[in-house]
Amino acid sequence: MNFWYRYISGYVRVSLEGIAPERFLNLCHNRGYAIWDIQYGKERNTCCMLLQDFLQIRPLARKTGTKVRVLHRYGAPFAMRRHWKRKGAILGITLFFVLLYLMSDHIWAIDVEGNHRYTEDTLLQFVASTGISHGMKRDAVSCEELEKAIRNQYEDITWVSARIDGTRLVVQIKENDTGVSVTAKETKPADLVADFDGRVRSIVTRAGTPMVHVGDQVQKGDVLISGLLTIYDDGGGVAATHEVRADGDIVVEYRTHYERQILRSGSRRVYDREAKRWFAMFGGWRIQLLPFLPVGEREFDRVEESGQLCLLDNFYLPVYYGRVRQRFYRKESFFYTDEQLQALAEYQIYADLSQLENLGVEIIQNNVTITLRENDCICQGELVLWKSIGTYRQVSVEEHT
């Protein structure tokens, strides 16, 4: 039997005294009364039974000559009776559960999962533009319409799933990591055009008609692969023309200028102490447990971390909590020697180029030089890069004729 069922219904521990307590227990069992935790003793036996069953055992006790005495009382009915005079507390608890029930019918948290290219703030702003916001009723949220709107807005999101778990709306997406490949769900005819200038180094066409060749110079907006597929007959004439969604991999070579300045001397922050305070927010109300003490003219950074109250796995409430940190610092002067400045410049160039490679750019030539000067260091030069190119645009018949 479930503990919470016993607690809500109420139960008692009783003692059984008489010449035939076993017969009394058998009769209770035959009537379907719940009895558990039976303990046998020399003078008396004890057991537990539900309050509703205890109120009906008098005829059985009289029939078997068993004296039943209540030893302990447990459960909500007895707790309510003990605290009945505290009507304010009872009213507060009742209102609390009523409020929980009313809030369980609304959306209080919206989470996005699986995003890499688009930030969570960008996707949440788009979700809000569709009319979905915190506090709206769950029945008013159409997951199918939201999925369709996201797919129509972002072409490189290939899969969307929206579901409601408790008071939370979960939006799961999968992005197209291959850049320009065709997905099963996106089949509208389109041209593949250049999104920046460069020279074609390689081209692989999977669908459509290639409009450029290796070595061609292309500019932003030029058609790389046409969405018009022409079929010729045996005599060389045009038999038919079909509109398809162009698909392929095009790599272009382009040059870009790199420049970065690093100061030889200056000032930096040195953090030495930190103060923390907790806070809670509900609606437009904000409560901070303790105020920050004045610390004179010292400078500090303020960092705020917050979370949302969740009672169960997916039962979020419009209550936020967190802490505020004040990180105090002092300014300290620094000066780099030529060796230190040279090493710092080399590290900075390496970090910048590594970031480019993480974005899928291949570095062919690095012509960056480091020039040490009296007050700073200048890193500048030209980079030769290879990068995949291509973005979709609606098929234009006039442009290909």
Side-chain angles (χ1 to χ4, degrees), residues 112-123 154-159 172-183 186 190-207 210-225 246-264 268 336 338-373 376-393:
V112 179
E113 300 175 355
N115 57 305
H116 300 286
R117 182 175 307 171
Y118 298 101
T119 64
E120 186 173 354
D121 290 339
T122 300
L123 295 173
Y154 303 99
E155 288 189 354
D156 47 358
I157 292 181
T158 61
W159 179 81
Q172 293 179 310
I173 67 172
K174 184 176 181 181
E175 299 173 347
N176 179 15
D177 298 330
T178 60
V180 297
S181 64
V182 175
T183 66
E186 186 60 75
D191 291 335
L192 195 59
V193 301
D195 46 4
F196 56 88
D197 301 345
R199 185 179 299 277
V200 179
R201 302 302 303 182
S202 67
I203 177 170
V204 177
T205 304
R206 287 187 288 270
M211 305 298 292
V212 296
H213 303 86
V214 174
D216 290 349
Q217 185 73 29
V218 297
Q219 296 181 348
K220 182 177 180 180
D222 290 349
V223 177
L224 304 175
I225 301 178
D247 181 29
D249 295 328
I250 304 99
V251 176
V252 300
E253 176 184 303
Y254 68 101
R255 299 174 182 269
T256 184
H257 181 72
Y258 176 90
E259 183 172 346
R260 180 175 286 274
Q261 179 188 29
I262 302 176
L263 296 178
R264 182 184 291 272
R268 58 191 170 194
Y336 294 125
D338 288 348
E339 292 78 8
Q340 293 173 331
L341 194 59
Q342 178 78 21
L344 183 60
E346 292 175 355
Y347 174 79
Q348 188 62 60
I349 295 173
Y350 171 78
D352 292 341
L353 298 185
S354 298
Q355 186 175 4
L356 282 176
E357 291 177 342
N358 292 335
L359 296 175
V361 178
E362 184 177 356
I363 302 173
I364 305 303
Q365 291 183 16
N366 177 6
N367 301 320
V368 178
T369 59
I370 301 174
T371 305
L372 300 179
R373 302 192 299 192
D376 59 8
C377 166
I378 293 294
C379 310
Q380 60 182 354
E382 188 179 59
L383 298 175
V384 180
L385 310 173
W386 284 8
K387 182 180 179 181
S388 296
I389 191 174
T391 186
Y392 285 112
R393 188 175 66 192

Exercise. Report yes if some heavy atom in the side chain of Ile370 is under 4.5 Å from a heavy atom in the side chain of Cys377; otherwise report no.
Key: yes
Quiz prompt | Leu341/Ile262 under side chain to side chain contact (heavy atoms under 4.5 Å, CB included): CA gap, chis, key distance, verdict | solution = CA-CA 8 Å; Leu341 194 59; Ile262 302 176; 3.8 Å; yes
Quiz item: Who pairs with Asp216 by salt bridge (charged side-chain N to carboxylate O under 4.0 Å, His left out), at least two apart in sequence or on another chain?
Solution: none
Quiz prompt | Partners meeting side chain to side chain donor-acceptor pair (under 3.5 Å) with Glu357 (sequence neighbours left out) | solution = none
Quiz item: Got a sec, which residues hit ring-ring contact (aromatic ring centres under 6.0 Å, His included) with Tyr118, two or more places apart in sequence or on another chain?
Solution: Tyr154
Exercise. Under the side-chain contact (heavy atoms from CB on, under 4.5 Å) rule, collect the residues that match up with Val384, sequence neighbours excluded.
Key: Glu253, Arg255, Ile364, Gln365
Quiz item: Are any non-hydrogen side-chain atoms of Val218 and Val200 less than 4.5 angstrom apart?
Solution: yes
Self-check item: Distance in Å, Ile173 CD1 paired with His116 NE2, rounded so as to fall on 0.5 Å steps
Solution: 8.0 Å
Exercise. Evaluate the side-chain proximity of Asp249 to Arg206: yes if any heavy-atom separation is below 4.5 Å, no if none is.
Key: yes
Exercise. Verify, without hydrogens or angle tests, whether Tyr336 (side chain) and Leu263 (backbone) share a donor-acceptor contact under 3.5 angstrom.
Key: no
Exercise. Under the side-chain contact (heavy atoms from CB on, under 4.5 Å) rule, collect the residues that match up with Arg373, sequence neighbours excluded.
Key: Gln261, Thr371, Asp376, Ile378
Practice problem: State, with a plain yes or no, whether a side-chain heavy atom of Asp156 is found less than 4.5 Å away from one of Glu175. | Solution: no
Quiz item: In chain order, what residues pass the side-chain contact (heavy atoms from CB on, under 4.5 Å) check against Glu339, with sequence neighbours excluded?
Solution: Thr337
Quiz item: Quick one: ring-ring contact (aromatic ring centres under 6.0 Å, His included) partners of Phe196, sequence neighbours excluded?
Solution: Tyr254
Quiz item: Which pairs, with at least one residue in residues 194-203 and sequence neighbours excluded, count as a side-chain hydrogen bond (donor to acceptor under 3.5 Å, both in side chains)?
Solution: Arg199-Gln217
Self-check item: Non-hydrogen atoms of Thr205 and Pro210 that approach each other most closely
Solution: OG1-CB, 3.6 Å
Quiz prompt | Partners meeting side-chain contact (heavy atoms from CB on, under 4.5 Å) with Tyr258 (sequence neighbours left out) | solution = Arg260, Ile349, Asp352, Val368, Cys379, Leu383
Self-check item: Between NZ on residue Lys220 and CD1 on residue Ile389, distance to nearest 0.5 Å
Solution: 10.5 Å
Practice problem: Applying side chain to side chain contact (heavy atoms under 4.5 Å, CB included), run through Glu120 and Asn115 and close with a yes or a no. | Solution: CA-CA 7 Å; Glu120 186 173 354; Asn115 57 305; 4.2 Å; yes
Exercise. Provide the closest heavy-atom pair for Val223 versus Val212 in the form atom of the first, atom of the second, distance.
Key: O-CG1, 4.0 Å
Quiz item: Do you know which two heavy atoms are closest between Gln219 and Ala194, and how far apart they sit?
Solution: O-CB, 3.5 Å
Quiz prompt | Residue pair Asp247, Leu192: steps toward the side chain to side chain contact (heavy atoms under 4.5 Å, CB included) verdict | solution = CA-CA 7 Å; Asp247 181 29; Leu192 195 59; 6.0 Å; no
Quiz item: Does Thr122 have any side chain to side chain donor-acceptor pair (under 3.5 Å) partners at least two apart in sequence or in another chain, and if so, which?
Solution: Thr119
Quiz item: Of all heavy-atom pairs between Gly248 and Ile225, which one has the smallest distance, and what is that distance?
Solution: CA-CD1, 3.9 Å
Quiz item: Counting heavy atoms not belonging to His257, are there more than 12 under 6.0 Å from its NE2?
Solution: yes
Practice problem: Hey, could you give me the CG/CD distance between Leu356 and Glu362, rounded to the nearest 0.5 Å? | Solution: 12.5 Å
Quiz item: Does Gln380 have any side chain to side chain donor-acceptor pair (under 3.5 Å) partners at least two apart in sequence or in another chain, and if so, which?
Solution: none
Practice problem: Report, as yes or no, whether the 6.0 Å neighbourhood of atom CD on Glu259 holds more than 12 heavy atoms from other residues, nucleotides or ligands. | Solution: yes
Practice problem: Please list, chain by chain and in numerical order, all residues satisfying salt bridge (charged side-chain N to carboxylate O under 4.0 Å, His left out) with Asp338, sequence neighbours excluded. | Solution: Arg264
